[in-house]
There are 2 protein chains.
Amino acid sequence: MSRNLNNVSPMHGHPWTSQRRLLLELLHDAEGYVDAKELYRRASARDESLSPATVYRSLNLFKELGLVDEMRLGKVRCCYEIKRASEHQHLVCQGCGKVIEFQSPYVRKLIQAVRHEYGFNVTKAQLYLEGYCLECQEKEKSDSPCAATQGKHHE
Amino acid sequence: MSRNLNNVSPMHGHPWTSQRRLLLELLHDAEGYVDAKELYRRASARDESLSPATVYRSLNLFKELGLVDEMRLGKVRCCYEIKRASEHQHLVCQGCGKVIEFQSPYVRKLIQAVRHEYGFNVTKAQLYLEGYCLECQEKEKSDSPCAATQGKHHE
DNA sequence: TTGAGATTGCGACTCATTCTCAATCAGATA
DNA sequence: TATCTGATTGAGAATGAGTCGCAATCTCAA
């Protein structure tokens, strides 16, 4: 078991409470991003007395300690996911809401370019791409053959 | 005058009210991004009776009509700016809060790559880079010579 | 000038997130 | 293991961005 959720605390001296253990465990198991609300829903299913404030407080702590990544995926709410070794970015489909992860060497190149041209030392890069996934484009095409791939014609 | 703020409405049939005229004018003059709150502050200085709700409603309409770009620059609030011909991205300095605009051909390449690899049709791309600008790095260096360029060691 | 329909201001509302504070807990020490 | 101290927690109030409903007002086409 390489996750060190059991004995060694990754909390840098902050107390390793049952609430934090539960929340980190759920974040690990989430396989992707969750927002605070959803995390609270899942957590309170296992610990009734847990309060939303604790979820927010813990997420902020995890963020500070670099245990989770915070991102905005087009919604008002932030989403969180356990920090992984590989950097990746997100495609968000405006049609079905699906989030696709992807990696690209261009992100690294971009960061290098920014460092060279502006002397800017990048600590966090988030690329957010919105659009339509393949399935939604197909669906659109069969609904109205002429207006395909354009999307968002009316509400 | 090429701004067409006076006679021809860019509103696609939506009434060209004094409030909307004022807000668009302020957005034009803003030279960069403003958030809804700041826009309301500036607008209500010139029209006391203007309500915050109108600012939000107008910004949503402008967004829908493609007159402004909406982005999140690390804060909870959204920021808005008049849509310009040239695409650009933002660097946000964690030290001084400064926002630097930049352009890079890699963004376009990235979008092409995404289209090829995932068949994803990108309609909006936002790259958000956080880090430390040159000045803040210099300042940091002179404050603590060893911990330079790292940033965020403690609160 | 008129009338229909859209927009506005207002105030109430929603909803995410933070704050306050007393009770409780984690973890170091004896 | 018992004790102690400071950090964390739950509960609920507070904050603050953004939305909604409605009556009054405005825009604009006829």
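Letters A, B, ... are given to chains in the order of the sequence lines, protein chains preceding strands, and every chain is numbered from 1. Just so you know, these numbers come straight off a predicted model, no measurement behind them. Note: hydrogens, waters and symmetry copies are ignored here, and every other heavy atom, side chains too, is used.
Of the candidates D:dG10, D:dT8, C:dG27, D:dT8 carries the atom nearest the A:T17 side chain, counting heavy atoms from C-beta on. For B:H14, the side-chain atoms get nearest to C:dT7 when compared with the rest of C:dT8, D:dT8, C:dT7.
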Report the C-alpha separation of A:Y118 and B:L91 in whole Å, then their side-chain angles, then the decisive distance to 0.1 Å, and conclude whether the side-chain contact (heavy atoms from CB on, under 4.5 Å) test is met. CA-CA 10 Å; A:Y118 301 89; B:L91 306 173; 4.2 Å; yes
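Legend: residues meeting salt bridge (charged side-chain N to carboxylate O under 4.0 Å, His left out) with A:K109, ordered by chain and number and at least two apart, are absent. In this structure A:E130 satisfies the salt bridge (charged side-chain N to carboxylate O under 4.0 Å, His left out) test with no other residue, sequence neighbours excluded.
One atom, CZ of A:R21, and another, P of D:dT8, lie 15 Å apart when rounded to the nearest Å. Distance CG (B:L22) to C1' (C:dT8): 14 Å, rounded to an integer number of Å. When rounded to the nearest whole Å, the span between CG of B:L39 and C1' of D:dA17 equals 15 Å. Counting to the nearest Å, the P atom of D:dA17 and the CG atom of B:D35 are 9 Å from each other.
Atom NZ of residue A:K98 and atom SG of residue A:C133 lie 3.5 Å apart, to the nearest 0.5 angstrom.
A close approach under 4.0 Å does not occur between any side-chain nitrogen or oxygen of B:S18 and OP1 or OP2 of D:dC26. One finds no side-chain N or O of B:Q19 lying less than 4.0 angstrom from the OP1 or OP2 phosphate oxygen of D:dC26. Between A:R20 and the phosphate of C:dA26, there is no side-chain N or O to OP1/OP2 separation shorter than 4.0 Å.
Side-chain contact check for B:T123 and A:Q94: at least one donor-acceptor pair (N or O, by modelled atom type) lies under 3.5 Å.
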So if I define the base as every atom that isn't primed, P, OP1 or OP2, how would nucleotides 10-24 of chain C read as a B/S/- string at a heavy-atom cutoff under 4.0 Å? B-----SBBBB----
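Surrounding CZ of A:R41 are more than 12 heavy atoms belonging to other residues, nucleotides or ligands, all under 6.0 Å away.
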